Amino acid sequence: MPKPMPKPTPKHAPNADLLFSGSDWNFKTLSRAYDAIEALAVEELNLDTYPVQMEIISSEQMLDAYSSVGMPLMYRHWSFGKHFLHQELMYRKGGRGLAYEIVINSNPCVVYLMEENTMALQALVTAHAALGHNHFFKNNYLFQQWTDAGAILGYLDFAKGFITRCEERHGVAAVEAILDAAHALMEQGVFRYRRPPKLSSEKQREGVRERLEYEERTYNDLWRTLPPSKGGDRPDDAKDGTPERKKALNLPEENLLYFLEKNSLILEPWQREILRIVRVIAQYFYPQRQTQVMNEGCATFVHYTLMNALFDRGRISEGAMLEILRNHSNVVFQPGYDDPRFSGINPYALGLDMMQDIQRISTEPTPEDRDWFPEFAGNGNWREVLLDAWANYRDESFIRQYLSPTLIRKWRMFVLSDAANESFYKVASIHNERGYENIRTALAHSYDIGANRSDIQVVDVDLLGDRHLRLQHKVNDGIVLEPNSRDATLRHIRSLWGYEVSLEGIDARTGNRIYECSTRQVGG
C-alpha cells in the first residue's frame with residue numbers, strides 16, 4: 001500500500017510567533033517589532049545604520065513638522081505658519097493626506113511616527129525610515145561629504161536660541177526682514193562644487209556667541225554716514241585692477257548668501273550670523289534634492305523586501321500583510337499623464353522599479369540585459385550591486401548608469417523635441433537601440449539640479465568705489481528668469497548689500513548679452 005504524500009508546508013505558518021496581532025500598539029510592541037526588523041535588515045540586506053531615536057507625534061504635530069521643513073528645533077518664521085495653515089486646511093478638507101513618518105538625517109537618526117498609525121503601518125514605516133532612509137543617509141557619498149549628521153541637531157538648537165535672542169534684542173520685524181531676504185536666496189545659497197566646512201562643535205558655538213556679543217558691543221555705525229564714492233571719482237587705473245580685485249574676492253562666487261555674509265558693508269554681526277544659519281540649512285538639504293529617487297527608492301525597496309521576508313517567516317499575519325501591501329501600493333502609485341492627479345514621475349515608483357530591476361538583472365538576465373549591463377548581469381549578487389549604488393550615486397548618475405531598456409518599455413518612455421521656433425512637438429527618440437540611450441540620457445539630465453537650477457553668480461564689485469554689485473545669469477536654451485520674482489529677489493539682495501545691484505543675462509552658448517536689469521530700474 002503506497003504511503004500518503006506529505007502535505008506541503010505552508011509558506012506562511014499561521015501558528016508562528018507573530019510580532020503583533022491587531023491594529024493597536026504600545027511601546028513594547030514597537031520595540032519588539034523594531035528589533036526583529038533591524039536584525040532581518042542586517043541579515044537579508046547587510047544594512048549599516050545610525051542608532052535610531054523614535055518619536056511618536058500627533059497629526060497636528062506632523063502638520064507642524066511639515067511647516068518647518070521637517071526639522072526639529074527649527075527657528076520661528078511667518079512663512080512656516082502660513083504653510084501650516086495651508087496644509088491643515090487641505091488635510092481637514094480631505095484634499096491631502098499626511099505622511100506616515102518623517103525621518104531626520106542626524107546621528108542618532110530621528111524618526112517621527114504618527115500615533116494614529118496602526119501597528120502594521122508602524123512596522124512598515126519603521127522598515128522604510130528607521131532602516132531604509134537611515135542606511136542611505138549614513139552611506140551615500142553626498143551626505144558623507146556635504147552634511148554633518150552628528151552636529152546638525154546641536155546646530156539647530158543653537159540657531160533657534162540665537163534667533164530668539166535676536167528677536168528679543170532687535171525686534172521681530174527686524175529679524176523677519178533678514179530672514180525674508182535670506183529665504184528668498186536659499187536656492188542660490190549653496191556650494192555646488194566646493195565642500196563647505198564641518199559644523200562647529202558646542203564649544204566653538206559658545207565662542208561664536210561670545211564673539212558676536214563683543215562685536216555688537218563695539219560695532220561702530222559712523223561709517224554709514226560716509227557718502228559712497230562716485231564712479232567718476234575713481235582713477236582711470238581702477239578698471240585695470242579688476243582681475244586682482246576679483247581674485248582677492250574669489251570671484252566669480254556661486255553662493256550668494258556666503259558672499260553677502262562675508263562682504264556686505266551694511267550688515268551687523270547678528271545679521272551676518274542669521275545669513276549663515278539659513279545658508280547652513282540650505283546646504284544641509286542640498287544632497288536630499290539630488291537623491292530623491294534613490295533615497296525614496298532605497299527606503300521603499302527595503303520596506304517591501306523586509307515586510308515580505310517577515311511574512312514568509314510567519315512573523316506577520318495575512319491581515320497585517322494585506323494592510324501593508326495596500327499602503328505600499330498607495331506609495332508607489334504612478335498616475336498616467338492624462339490623470340488629474342499626475343504631477344510628474346513618482347520617485348518612489350521609479351526608484352523601486354529600478355532597484356527591483358537590478359535584482360532581476362543580477363539573477364535572471366536576458367540577452368539584452370547582458371549586452372547593456374555586462375558588469376553585473378547574472379552574477380547573482382544583487383545585494384552588493386545595490387549597496388554600491390546606494391553609496392556612490394545620485395539620481396542623475398544612477399539613472400544614467402542603471403535605467404534598462406526593459407524599464408523604458410514598461411514605463412513607455414520616449415523623448416519629445418520642443419523647439420521654440422516650431423509649432424509642433426517632434427518625437428525624437430523611441431524604443432530602439434539609439435532611442436534607449438537618448439531616453440536614458442534625457443531623463444538623467446532632468447534630475448541634474450546643477451544643470452536645471454538657474455546659474456547666477458557674483459562676477460564683480462568694487463568695494464573701494466561705487467560698491468555696485470554685479471551678478472551674472474548664464475541663460476541655457478533661452479530660458480530667462482520670471483520678471484516679477486527676479487525683480488523681487490533683486491530687491492532682497494539690495495536690502496542685504498546696501499548699494500545698487502544689477503543682473504546681466506548671458507547666453508551660455510554664445511556669450512551674447514540677452515538682458516540686463518538693476519535695482520535702480522525696479523525700485524530697489
Side-chain angles (χ1 to χ4, degrees), residues 68-69 71 74-80 82-83 146 155-156 159 162-163 166 173-194 196-197 249-290 449-450 452-461 467-475 479-505 517-519 521-524:
S68 58
V69 294
M71 297 298 293
M74 196 63 173
Y75 57 80
R76 295 182 301 176
H77 187 250
W78 64 266
S79 63
F80 300 152
K82 177 182 177 182
H83 194 199
W146 294 83
Y155 185 80
L156 287 173
F162 178 81
I163 290 179
C166 288
V175 173
E176 281 193 349
I178 295 295
L179 285 174
D180 288 349
H183 284 182
L185 296 174
M186 285 185 81
E187 284 285 318
Q188 306 297 329
V190 297
F191 293 109
R192 289 184 290 171
Y193 307 109
R194 187 167 77 244
L249 290 172
N250 293 318
L251 298 180
E253 173 59 64
E254 64 172 346
N255 192 325
L256 301 190
L257 282 178
Y258 177 81
F259 181 86
L260 293 168
E261 172 199 337
K262 299 301 181 184
N263 297 289
S264 174
L265 299 175
I266 70 165
L267 294 180
E268 298 184 29
W270 65 272
Q271 295 171 318
R272 297 182 193 277
E273 190 63 25
I274 289 179
L275 288 193
R276 183 174 187 273
I277 288 170
V278 175
R279 176 170 63 81
V280 167
I281 292 173
Q283 194 73 57
Y284 171 88
F285 282 108
Y286 188 58
Q288 298 191 32
R289 293 167 52 204
Q290 298 183 79
I449 65 172
N452 294 300
R453 194 191 71 167
S454 299
D455 184 4
I456 300 173
Q457 301 187 16
V458 180
V459 293
D460 194 19
V461 61
R467 300 162 190 159
H468 180 177
L469 182 64
R470 303 179 189 277
L471 310 178
Q472 187 178 93
H473 170 215
K474 291 185 178 179
V475 179
I479 302 174
V480 298
L481 303 174
E482 196 280 320
N484 290 335
S485 60
R486 177 200 66 195
D487 295 346
T489 304
L490 280 179
R491 287 191 285 269
H492 280 302
I493 299 173
R494 170 70 170 78
S495 70
L496 297 174
W497 181 246
Y499 302 92
E500 184 178 0
V501 181
S502 64
L503 175 66
E504 183 183 34
C517 59
S518 71
T519 50
Q521 299 169 333
V522 302

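Count residues from 1 along the sequence. Everything numeric here is computed off the predicted structure, so don't read it as measured data.
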Just by modelled atom types, is the S518 backbone N or O under 3.5 Å from a matching donor or acceptor in the Q521 side chain?
yes

Partner residues of D455 under the salt bridge (Lys or Arg N to Asp or Glu O under 4.0 Å) criterion, sequence neighbours left out:
R192

Rounded to the nearest 0.5 Å, what separation is found between the CG atom of L503 and the CG atom of L490?
5.5 Å

With sequence neighbours excluded, residues passing side chain to side chain contact (heavy atoms under 4.5 Å, CB included) with R272:
E261, S264, L267

CD1 of I274 to CD of E268: how many Å apart, nearest 0.5 Å?
10.5 Å

If we check ring pair (Phe, Tyr, Trp, His ring centres under 6.0 Å) with F191, which of these qualifies: Y284, W146, Y258?
Y258

Find the distance between CG (L257) and CD1 (I277) and round it off to the nearest 0.5 Å.
12.0 Å

Any chance you could measure S485, atom OG, to H492, atom NE2, to the nearest 0.5 Å?
10.5 Å

With rounding to the nearest 0.5 angstrom, report the CG to CG distance, L256 to L469.
8.0 Å

W497 and its side-chain contact (heavy atoms from CB on, under 4.5 Å) partner, picked from N263, T519, V458:
N263

Measure the shortest side-chain to side-chain distance between V461 and F259 over non-hydrogen atoms and say whether it is less than 4.5 angstrom.
yes

Smallest separation among heavy atoms of C517 and R486, with atom names:
SG-NE, 3.5 Å

Audit row: L496, L185, side-chain contact (heavy atoms from CB on, under 4.5 Å) steps and yes/no:
CA-CA 11 Å; L496 297 174; L185 296 174; 4.0 Å; yes

Under the side-chain hydrogen bond (donor to acceptor under 3.5 Å, both in side chains) test, residues paired with D460 that sit two or more places apart:
R245

Who pairs with S502 by side-chain hydrogen bond (donor to acceptor under 3.5 Å, both in side chains), at least two apart in sequence or on another chain?
H468

Let me see the working for D487 and T489 under side-chain contact (heavy atoms from CB on, under 4.5 Å), right down to the final yes or no.
CA-CA 5 Å; D487 295 346; T489 304; over 6 Å; no

Interatomic distance, NE2@H473 vs CD@Q188, rounded to 0.5 Å, equals 8.5 Å

Between R467 (side chain) and E500 (backbone), is there a donor-acceptor pair under 3.5 Å?
no

Salt bridge (Lys or Arg N to Asp or Glu O under 4.0 Å) partners for R289, two or more places apart:
E187

4.5 Å side-chain heavy-atom contact, V475 and L481:
no

For V459, is there any backbone N or O sitting under 3.5 Å from a side-chain donor or acceptor partner on Q457?
no

side-chain hydrogen bond (donor to acceptor under 3.5 Å, both in side chains) filter on Q472, not counting sequence neighbours, yields none

Are side-chain heavy atoms of V278 and H183 found at a separation under 4.5 Å?
yes

